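Bear in mind the structure is a predicted one, so any value in this text is a computation, not a measurement.
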Amino acid sequence: MAFRKALKGTVIIGTGAAAALLGLSQLSEYRKTQARLAYVAAEGELQQPFKDELPTRQAQLSTLQNTEEFDVLVIGGGATGSGCALDAVTRNLKTALVERNDFSSGTSSRSTKLIHGGVRYLQKAIMKLDYEQYMMVKEALHERSNLLDIAPHLSAPLPIMLPVYKWWQLPYYWAGIKMYDLVAGVQCLKSSYVLSKKKALELFPMLKKDKLVGAIVYYDGQHNDARMNLAIALTAARHGAAMANYTEVVHLLKKTDAGTGKEKVCGARCRDVVTGNEFDVRAKCVINATGPFTDSLRKMDDVKNANICQPSAGVHIVIPGYYSPDNMGLLDPATSDGRVIFFLPWEKMTIAGTTDTPTEVTAHPIPMEEDINFILNEVRNYLSPDVEVRRGDVLAAWSGIRPLVTDPNSKDTQSICRNHIVHISDSGLLHTCGGKWTTYRSMAEETLDAAVSAHGLGGGPSKTVGLMLEGGKDWSPTMYIRLVQDYGLENEVAQHLAATYGGKAFEVAKMARVTGKRWPIVGKRLVSEFPYIESEVRYAVKEYACTAIDVIARRTRLGFLNVQAADEALPRIVEIMGKMLDWSEQKRTVHKKKKNEELEAAKKFLYFEMGYRSRSEQLTNTSEITLDTQEVARYTKRFHKFDKDSKGFITTVDVQRVLQNIGVQIDENALHEILNEVDLNKNGQVELNEFLQLMSAVQKGQVSDNRLAILMKTAEESLDLRGPVSVDRSGGGV
């Protein structure tokens with residue numbers, strides 16, 4: 001009865017309504033797409049003055065300062081802002097872009113990493129007969145297809161499983177997912193399909209078996225969001241746009257319109273954040289593409305302007321790759337509080353999220369512990385009891401602020417549509433906000449169409465449909481083999497370079513230094529467990545990286561994958577960047593201070609914004625010891641094998657003595673790091689109570705893969721067996 005009732009109320013009526021909507025739009029959409037494709041110029045027909053070599057950041061700043069007037073000045077270097085710059089410059093408009101931080105430093109690097117139309121938005125469109133929301137999904141599916149085509153190295157289709165635990169839900173979800181395929185039309189990536197319980201568990205063995213009746217698999221796209229944003233910005237730069245990161249707007253420039261007598265925005269006073277130098281950039285049209293900070297620029301234009309954005313925080317966590325199959329995601333369509341959770345393989349790790357809660361706008365959003373635990377609890381609901389989901393397995397966590405368009409009738413941010421608006425103020429300042437990552441290109445096209453119309457810029461129609469992004473043109477699925485053969489790179493490193501830089505990977509390989517080993521011949525890793533190599537830091541500077549944070553967060557994704565590994569790589573990254581950016585030319589004391597500042601800023605970023613703080617909060621000097629009497633006795637005995645003098649604490653000397661007895665050597669600096677992780681009061685030694693707090697946290701799953709715990713356990717066993725002990729760092733957790 002429940003099955004028939006559900007079908008009657010949703011599937012049959014909803015599918016019929018959606019089919020009607022589809023019939024109204026399909027033909028016109030096809031014709032529209034064909035017309036737009038007709039405007040796409042061949043790659044060689046578009047001006048690309050910097051095809052061979054990108055201009056330096058200093059050259060870009062010089063262009064900003066010395067150009068009398070630009071046609072378009074874009075403020076904001078996220079996906080939408082960079083997309084606007086690319087759209088403008090390929091229309092042969094004189095284009096500039098300024099970003100107060102780094103490209104993709106905000107929301108655009110903190111997404112779920114999906115390129116999707118929005119399954120749940122289609123559900124709302126069908127249930128509410130909302131034609132506007134239906135067209136938003138259709139537009140996003142078109143953009144999904146285009147983005148997969150223009151950046152094949154950075155994106156790929158991803159199968160996503162929707163597990164079903166009630167029989168009546170199987171036809172309900174199947175109808176909805178098939179509708180998703182139907183709306184995509186010829187741009188459907190691959191057809192969705194139904195799986196039996198047995199087959200679902202074969203493909204996703206970690207899945208909870210109890211009451212599972214089957215699953216539905218559909219396809220969406222996945223990408224490296226920060227690198228995709230950067231590819232858009234670099235493509236604009238190659239076509240001649242003056243692109244400058246770390247260049248903030250101090251105030252807007254205005255002049256009085258002779259015809260109306262009103263003040264019109266005609267540019268911006270900018271400041272180079274690196275040097276403090278200020279200068280004016282004048283433009284016929286200024287575009288506000290600052291995402292969550294849209295209202296700040298609106299009020300800079302006119303303090304009386306009301307807010308039009310309602311920010312929402314989305315938290316994601318990264319856990320080890322063994323939590324999910326290599327090539328199968330998971331969708332939880334209805335969490336305990338009605339939100340949607342994705343559980344996806346990404347960069348050989350597993351990403352889970354997102355939350356969706358109202359927040360205040362900040363340049364440095366922090367993932368909160370309650371959000372991290374909410375995600376972990378939802379993950380536990382879908383995974384087998386055999387898989388222990390531990391808080392200590394969280395390798396990184398971050399929060400991104402979505403610039404949702406405010407709906408005055410909305411009661412909560414979950415029901416807000418991710419659609420966008422393009423608005424021109426009385427002063428002529430053009431605002432583009434809302435939307436989602438997938439639709440950045442269509443947002444940019446609509447924004448530039450409005451700019452051309454309002455400011456009489458000319459330049460013709462948009463040419464960005466089908467326009468290949470940085471690295472995409474010369475990429476092929478097998479190009480990594482040439483990297484291995486021609487340069488002697490490790491296979492994993494070569495695959496990573498190809499997937500990150502596309503056709504530009506050969507430039508990164510050429511910058512790699514000889515290792516002095518038999519294999520690999522070139523390419524020294526920054527950290528052993530990730531394929532990032534030192535030459536990427538050097539290449540990052542060519543890609544306008546100015547800080548160590550730029551490298552660990554956006555040129556590479558190390559900070560998003562494992563904060564502990566990123567922290568270990570930082571000293572070497574700072575050393576390389578110091579040479580590349582001529583920090584060493586300053587006085588020695590200043591040189592040291594500069595490097596220290598970079599190191600501390602990056603550590604602060606990891607600590608607060610990437611979840612490292614959460615790791616330290618799992619084990620503090622006030623952590624409760626919940627061990628029973630036998631466990632306390634066992635761990636105390638283990639501790640005293642190292643504390644031979646019964647001092648009540650152990651130091652590196654004590655650990656070294658035990659290791660020497662069993663024939664193991666560990667670098668002294670590494671040993672200091674190992675003890676420092678457990679030295680809660682930071683007095684240079686580990687007391688018995690601290691060790692018991694550690695083991696209690698390990699048992700509760702709050703801490704995992706702790707090096708001291710593993711070292712002491714294996715050393716204790718080796719003292720009896722006199723066998724080898726391995727203390728390789730396993731990756732840790734936050």
Side-chain angles (χ1 to χ4, degrees), residues 47 49-50 55-77 80-100 103 233 236-237 239-290 293-294 296-303 305 422-432 444 447-459 544:
Q47 295 181 10
F50 302 107
T56 64
R57 180 175 179 274
Q58 192 55 49
Q60 297 282 37
L61 288 169
S62 179
T63 301
L64 287 174
Q65 296 175 50
N66 297 324
T67 301
E68 184 177 346
E69 185 181 50
F70 289 94
D71 292 317
V72 174
L73 169 62
V74 182
I75 303 173
T80 303
S82 298
C84 286
L86 180 58
D87 193 287
V89 75
T90 52
R91 296 186 194 215
N92 293 321
L93 298 175
K94 195 177 294 184
T95 305
L97 179 146
V98 293
E99 160 61 47
R100 71 175 180 181
F103 302 116
H239 282 86
M243 312 282 289
N245 56 349
Y246 292 99
T247 305
E248 66 178 349
V249 172
V250 179
H251 61 80
L252 297 172
L253 302 177
K254 294 186 177 183
K255 64 180 180 181
T256 303
D257 185 272
T260 63
K262 294 182 178 179
E263 281 196 328
K264 296 291 184 180
V265 172
C266 62
R269 180 71 173 177
C270 298
R271 185 176 75 91
D272 179 358
V273 176
V274 177
T275 64
N277 181 41
E278 292 191 7
F279 53 91
D280 291 340
V281 179
R282 298 191 178 275
K284 297 172 185 175
C285 173
V286 178
I287 296 174
N288 173 12
T290 54
F293 300 94
T294 294
S296 298
L297 206 63
R298 279 172 51 82
K299 293 184 184 298
M300 189 183 289
D301 177 29
D302 184 349
V303 292
N305 280 332
V422 176
H423 172 70
I424 303 177
S425 68
D426 293 338
S427 67
L429 180 63
L430 200 153
H431 309 276
T432 178
T447 301
L448 265 295
D449 285 346
V452 167
S453 175
H455 295 275
L457 300 178
Y544 306 127

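Atom CZ of Arg282 is separated from atom CG of Leu73 by 11.5 Å, given to the nearest 0.5 angstrom. One distance of note links CG of Leu297 with CG of Asp302; it measures 12.0 Å at 0.5 Å rounding. Here the CG-NZ distance, from Leu429 to Lys264, works out to 11.0 Å after rounding to the nearest 0.5 Å. Put simply, CZ on Arg298 and CE on Met300 are 13.5 Å apart, with the number rounded to the nearest 0.5 Å. How far CG of Asn245 is from CG of Asp272: 9.0 Å, rounded to the nearest 0.5 Å. Annotation: the span from Asp280 atom CG to Leu253 atom CG amounts to 4.5 Å, rounded to 0.5 Å.
Checked against side chain to side chain contact (heavy atoms under 4.5 Å, CB included), Asp426 has no partners two or more places apart in sequence or in another chain. The side chain to side chain donor-acceptor pair (under 3.5 Å) test applied to Asn277 returns no partner, not counting sequence neighbours. Evaluation of the side chain to side chain contact (heavy atoms under 4.5 Å, CB included) rule for Ala241 yields Val89, Thr95, Ala236, Met243 as partners, not counting sequence neighbours. For Thr294, there are no side chain to side chain donor-acceptor pair (under 3.5 Å) partners two or more places apart in sequence or in a different chain.
Summarising the local packing, CD of Gln58 is surrounded by 12 or fewer heavy atoms from other residues, nucleotides or ligands at distances under 6.0 Å.
The two residues Ala237 and Phe50 make their nearest non-hydrogen contact at O-CD1, 3.3 Å. Shortest non-hydrogen contact noted between Leu97 and Gly76 is CD1-O, 3.4 Å. Contact detail for Gly81 and Val74: the closest heavy-atom pair is O-CG1, 3.5 Å. What you find for Ala268 and Val249 is that their closest heavy atoms are CB-CG1, 3.9 Å. Taking each heavy atom of Leu64 and Phe279 in turn, the nearest pair found is CB-CE1, 4.0 Å. Val281 and Cys270 get closest at one heavy-atom pair: CG2-SG, 4.0 Å.
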*asked:* Working note: Val422 + Asp449, criterion side chain to side chain contact (heavy atoms under 4.5 Å, CB included); need CA distance, chi angles, decisive distance, verdict.
replied: CA-CA 10 Å; Val422 176; Asp449 285 346; over 6 Å; no
*Taking it one step at a time, do Leu252 and Asn288 satisfy side chain to side chain contact (heavy atoms under 4.5 Å, CB included)?*
CA-CA 11 Å; Leu252 297 172; Asn288 173 12; over 6 Å; no
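Applying the side chain to side chain donor-acceptor pair (under 3.5 Å) rule to pairs touching residues 249-259 yields Lys254-Asp301, Asp257-Thr260, sequence neighbours excluded. Residue pairs satisfying the salt bridge (Lys or Arg N to Asp or Glu O under 4.0 Å) criterion with at least one member in residues 61-73, sequence neighbours excluded, are listed as follows: Asp71-Lys284.
For the pair Arg100 and Phe293, the cation-pi criterion (under 6.0 Å, within 45° of the ring axis) is fulfilled.
Taking the side chain as every heavy atom from C-beta outward, Arg57 and Thr247 approach each other to under 4.5 Å. Side-chain atoms of Leu93 and Leu448, non-hydrogen and from C-beta on, do get closer than 4.5 Å to each other. Using a 4.5 Å heavy-atom cutoff, the side chains of Asp87 and Thr447 are not in contact.
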